[in-house]
Every structure is written in C-alpha cells, then in structure tokens.
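To start, the structure under review is shown below, and the notes come after it.
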2 protein chains.
Amino acid sequence: MLMQQERIENGDGYQTVERAFELLESLAGGPRGVTELAVELGLEKSTVSRMLKTLAGLGYAVQPEKRGAYQLGPRVLYLADRYLDANRLIREARPVLERLALEARASAHLAREVGSQFLVVAKEASPELIQVASAVGGSCVPHASALGKVLLAGMKPALRMRWLQEPLQRFTEKTIVDRAALADEFELIERRGYALEAGEEHLGVGCIGAPVRDAGGRWIAALSISGPLRGTPFKLDREHIELLLAHARALSAALGYREAPAAAPVG
Amino acid sequence: MLMQQERIENGDGYQTVERAFELLESLAGGPRGVTELAVELGLEKSTVSRMLKTLAGLGYAVQPEKRGAYQLGPRVLYLADRYLDANRLIREARPVLERLALEARASAHLAREVGSQFLVVAKEASPELIQVASAVGGSCVPHASALGKVLLAGMKPALRMRWLQEPLQRFTEKTIVDRAALADEFELIERRGYALEAGEEHLGVGCIGAPVRDAGGRWIAALSISGPLRGTPFKLDREHIELLLAHARALSAALGYREAPAAAPVG
DNA sequence: CAACACCGTTGTTTATGAAGGAACAATACC
DNA sequence: GGTATTGTTCCTTCATAAACAACGGTGTTG
C-alpha cells in the first residue's frame with residue numbers, strides 16, 4: 001500500500017484499527033459523507049467507503065439510506081453499557097451528578113485516573129443556557145483544573161511526582177507553574193477537602209473540586225462543578241462549596257465510606 | 001499472513017477491524033487475559049497482544065497493571081455519549097425507563113428499527129432480584145417479542161412484508177409462525193395500542209409492548225416491560241398494561257406528540 | 001431534456017503491514 | 001529453586017489493505 005502521506009508515529013499499533021476509530025470518532029460529531037471524511041482524515045475515498053461498510057456491518061456505524069451519508073451506530077451503546085456495569089463508581093455517580101448539576105446550576109463532572117491520564121468519566125450538563133463545553137472520555141489537566149488538582153492531592157507524594165515531571169504548561173496568567181506553590185496548593189486542598197480553580201486553565205471559567213472516597217477512605221475520584229464566572233448563578237462561594245461537598249460525601253457513602261465520627265467537643 | 005483457520009465470510013470488510021471489535025466485545029464481558037482471548041477467538045497470542053496495545057493506546061481498552069489482563073477502557077463512553085446526544089428519543093426515554101422499571105417491578109426496554117434490525121437502544125434493569133437478561137445494543141426477534149410485534153404493527157403492510165419474508169423461526173410451542181395468525185395479531189395490536197407476549201420467545205418469560213409516537217403520530221419505537229411469569233410481582237394484567245401505556249404516552253408527549261382529543265360522548 | 005457535476009461504490013494491482021511462530025522476560029506457584 | 005504460565009518482542013513471509021481509476025447512481029443546471 002502506497003503511503004503518500006507522512007507516517008510519523010507508526011512505532012507500533014495497528015494502522016487500520018487506528019484509522020477505524022479515527023473514522024468512528026469523526027462520525028461522533030454528526031452525520032458525515034464518505035468524501036467529506038476522506039478529505040478530513042487524508043484518506044482515499046475507497047478506503048473510507050470500505051471501512052464504513054465494515055463498521056456498519058458490525059453496527060458501530062449506520063447508513064440511513066443507500067448511497068447516503070453515515071452516522072454513528074447503536075452498537076456503541078453496548079460497549080458503554082458494559083463498561084458502566086463494571087464500574088460501580090460511575091453507576092453510583094450518575095444520579096448524584098444529575099442532582100448536583102440541577103441544584104448548583106452548573107456543569108457537574110466526575111474524573112478519575114485511568115491508565116496514565118485523568119479522564120472525565122461522567123458528566124451532567126448545566127441546566128443554564130451558558131455552560132462550559134466538555135466531553136465524557138476527555139482528559140483533564142493535572143495541574144490547572146480543580147479535578148486534576150484534587151486527584152493529585154489525594155496521591156502519595158511519590159506518585160504525585162511522576163505526574164508533575166514534565167514541564168508545567170502555562171494556560172493563562174493564573175496557571176500555577178511554580179512547583180513550590182503547587183506543593184502548598186496540594187497541602188491546602190488536602191487539609192480543606194476541596195479545591196478551587198479560577199481561570200487557571202481557561203480565563204473566565206471557574207471550578208470547584210472535591211474528592212470521592214472509597215470504603216477505605218482513599219481519594220479514588222474527583223467530583224466537580226464548573227461554569228462561567230459571570231453570567232450564570234454559579235459562583236466560587238461558600239454555598240456552592242458546601243453543596244458540592246455534600247454530594248461528594250453522599251457519593252462516597254454510596255461507595256461504602258463511613259466518615260470518622262466527629263471528635264467529641266472538648267469540655 | 002497464513003490463515004490456518006477457516007475464513008468463511010470474507011466477502012469484504014476489513015478483517016483487522018472486525019477482529020479489533022470482536023476483541024473489544026469480548027472485553028466487554030469482563031477483564032480478560034491475552035492468552036484467554038487468543039484461545040477464545042482463535043487468534044495468535046502475539047496478534048491479540050498487539051491489538052490490545054493499539055486499543056489501549058486509543059483508550060478503548062486499559063491494562064490496569066503492567067503485564068496483566070486487559071479490560072474495557074473509558075473511551076467507549078465518549079462514543080456512547082455522542083450517540084445519545086444525537087438521539088433525542090433515547091435521551092428522553094432514559095428517565096421514563098427508570099420510573100417504569102421501578103413502578104412495574106420489571107425490566108424496561110426501548111427498541112427501534114436501525115438499519116435492517118430491531119435493536120434494544122436503552123434499558124433499565126428490574127429492581128427485582130430475578131430478572132430477564134438483556135443487553136443494550138442487542139437485537140430483538142420481529143415476530144416473537146412484544147417489542148418486535150409493536151414495531152411491525154406500526155409499519156405499512158408493504159414494509160412489514162419485507163421483515164417477514166424469511167421463514168418464521170419457532171422458538172417455543174407458543175411462537176406464532178402462521179402468517180394469517182400473525183396478520184390478525186398485528187391488526188389487534190394496532191387497534192388496542194399494545195402487544196402481549198407470553199412465552200413466545202422464551203418459555204416462562206412474558207412481555208408487554210407499547211408504541212412510542214413522534215410528533216406526527218408515527219410509531220417510531222417500542223417501549224416494553226418484561227419479566228418472569230412466576231416469582232416476581234410482574235404480570236400480564238390490566239394494571240401493568242395501563243402502567244406501560246401511561247409511560248409510553250408520556251414519552252410520546254415528550255417527543256412532541258399531541259393526542260387527539262377524546263371524541264365527545266354521544267347524547 | 002440532455003449534459004454535467006457530484007456522490008458513494010467497486011474492480012484491479014502492488015508492496016506494505018499484519019499474522020505467524022518461536023524465543024523472551026516476568027510472575028506466580030508449587 | 002525449578003516449573004508452568006503469563007504477556008511481550010523479534011523476524012520473516014505473504015495475504016491484505018491502500019491506491020487509483022472506472023462505474024453507476026442522483027440531483028442540478030443550462
């Protein structure tokens with residue numbers, strides 16, 4: 001097969017499979033025609049046509065009408081359904097996210113460490129018209145998002161180091177790129193039990209993050225609410241922090257975490 | 001590449017892609033090792049190992065620990081999320097299914113025609129311990145399930161014929177395989193507005209199906225409750241039929257369907 | 001109404017990239 | 001400490017996927 005295009009990262013990994021998923025993820029953006037996709041991905045029309053036919057045969061794509069455009073097929077639901085079945089965290093989180101988004105009038109997200117990334121594994125969009133865009137399955141920045149900072153703060157310092165080895169990218173003037181300042185930040189988050197982020201990743205967008213604990217008390221995931229800092233009811237204030245913490249505690253409880261009984265008041 | 005195994009259906013379709021998805025769907029059943037999968041699918045260990053690495057690189061599989069077994073990755077959630085975004089029917093159906101399953105104490109399903117199949121596109125498991133097994137993304141039998149019969153009953157007779165061309169498979173002694181009897185059945189379903197099925201596909205399992213209508217009144221999907229005919233509160237009785245119909249009407253209304261005003265009583 | 005432009009599909013050919021087989025490195029288990 | 005089993009990596013080979021061009025539709029336009 002002649003590869004007229006540049007093949008940069010071909011260390012290993014099945015080229016054909018990678019292309020199939022590229023195609024599928026393009027389809028995820030809405031119905032697409034063969035020619036359109038071929039141009040978008042720099043492939044041959046015939047390749048795309050045959051690939052889509054394969055995907056359609058498997059149910060991961062559908063072609064509503066003969067000789068027409070393709071779109072995502074319902075078989076993707078099967079995989080997701082099975083994934084959720086195996087992940088108690090996400091299953092338990094769904095209703096919590098729904099209530100949280102509604103009450104906070106902000107977008108609610110759940111993230112956790114998967115492989116070597118921090119990924120958003122569930123979300124509920126804000127009921128407000130204006131909301132921050134995000135996608136399930138996307139990754140989040142370790143040092144510049146409330147979700148990432150909570151996940152890092154919950155790790156043993158040795159593990160945390162491995163996440164902060166690479167240079168810390170600066171997204172805005174508020175991004176914390178100083179390692180000493182970040183260390184203080186983690187200490188603060190661990191002590192207070194929540195993280196704040198105001199424009200560190202995107203200017204004008206704020207986020208509050210809180211840990212989700214498993215039965216052993218470990219911080220295994222992060223729950224957050226986020227939204228524009230102006231124009232919606234969402235604010236980085238005490239009320240929203242308490243609301244988030246309440247729901248994070250509820251989710252932790254659903255996972256079997258029992259809070260330590262409050263210390264008896266002295267005297 | 002030497003294909004020592006029989007390659008029966010290789011008309012077209014990318015072999016590598018088909019294998020990748022076979023692998024993924026195997027993983028959907030739970031964590032699997034490389035060797036295990038290789039045996040299960042009749043592939044070479046090396047092939048499976050490389051394929052899984054590719055899938056892991058894309059996020060569709062994960063290997064929780066080095067040199068360990070693989071499982072499904074969170075990227076599958078992304079595709080499903082986008083699919084749902086594009087499908088108002090399923091989005092609106094989810095809360096309806098939840099309530100319906102809880103109130104009927106039975107499994108609730110939503111099915112529709114996709115490509116050339118009737119597929120379950122959403123479900124909510126029964127709150128009862130004993131429940132019928134089913135999977136989102138699976139297909140349902142046109143002539144022997146309540147879902148299938150409702151979908152067929154809602155079609156124009158000409159279209160319906162195309163679904164019933166092949167010989168009608170008999171699953172149990174109750175399966176309707178006589179075409180005249182089936183025609184009567186469709187007429188009945190259309191008149192009553194719901195379908196009953198008792199052991200036609202699996203002995204001991206019953207199902208009630210009702211149509212979901214779009215704004216134009218067309219039957220675009222089928223909603224159902226199903227469960228064992230003994231051992232749970234689920235029954236094929238008037239109470240459950242009315243419950244299902246109420247939720248099906250609610251879903252239709254959410255999709256913009258306005259019921260015709262009841263005819264004024266005569267006299 | 002014919003000519004055109006566009007789309008998705010389908011042959012055919014070729015060398016590329018995936019499959020095979022075996023050896024390799026880690027574990028876990030006697 | 002040996003042994004069995006796991007997942008990974010080499011290397012060779014040829015079957016397979018990519019390219020390219022021609023085809024058969026559909027809708028549009030002069």
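Chain naming here is simple, since letters A, B, ... match the order of the sequence lines and numbering starts at 1 in each. The structure presented is a predicted model; accordingly, all values stated were derived computationally and were not measured.
- Applying the 4.0 Å criterion to OP1 and OP2 of C:dG8, one finds that A:Tyr70 has every side-chain N and O outside that range.
- The phosphate of C:dC6 has neither OP1 nor OP2 within less than 4.0 Å of any side-chain N or O from A:Lys45.
- Across the protein-nucleic acid pair, B:Glu44 atom CD and C:dA23 atom P stand 13 Å apart, rounded to whole Å.
- An OP1 or OP2 oxygen of D:dG7 is reached within less than 4.0 angstrom by a side-chain nitrogen or oxygen of B:Thr35.
- Distance check: A:Ile189 CD1 to A:Glu187 CD gives 10.5 Å after rounding to the nearest 0.5 Å.
- Rounded to a whole Å, the CD atom of A:Gln15 is 12 Å from the C1' atom of D:dA19.
- The shortest distance between side-chain heavy atoms of B:Leu164 and B:Phe186 falls below 4.5 Å.
- If you run side chain to side chain contact (heavy atoms under 4.5 Å, CB included) between A:Leu119 and each of A:Val136, A:Leu147, A:Val114, only A:Val114 comes through.
- On a pure distance criterion of 3.5 Å, no polar donor-acceptor pair joins the side chain of B:Arg50 and the base of C:dG17.
- At the phosphate of C:dA19, OP1 or OP2 sits under 4.0 Å from a side-chain N or O atom of A:Tyr14.
- Comparing A:Leu52 and A:Val17 by the nucleotide of DNA chain C whose heavy atom lies nearest to each, the residue mapping closer to the 5' end is A:Leu52.
- Put simply, the residue from A:Val62, A:Thr47, A:Leu27, A:Leu24 that forms a side chain to side chain contact (heavy atoms under 4.5 Å, CB included) with A:Leu52 is A:Leu27.
- A residue-by-residue look at B:Glu36 and A:Arg67 shows that B:Glu36 has its nearest nucleotide of DNA chain D further toward the 5' end.
- Distances shown here put every side-chain N or O of B:Thr16 at or beyond 4.0 Å from the OP1 or OP2 atom of C:dG17.
- Nearest-nucleotide assignment on DNA chain C puts the 5′-proximal partner with A:Gln63, out of B:Glu65 and A:Gln63.
- In the interface, the side chain of B:Ser46 is not paired with the base of D:dC10 through any donor and acceptor atom under 3.5 Å apart.
- Side-chain N/O atoms of B:Arg19 include one lying less than 4.0 angstrom from OP1 or OP2 on C:dA19.
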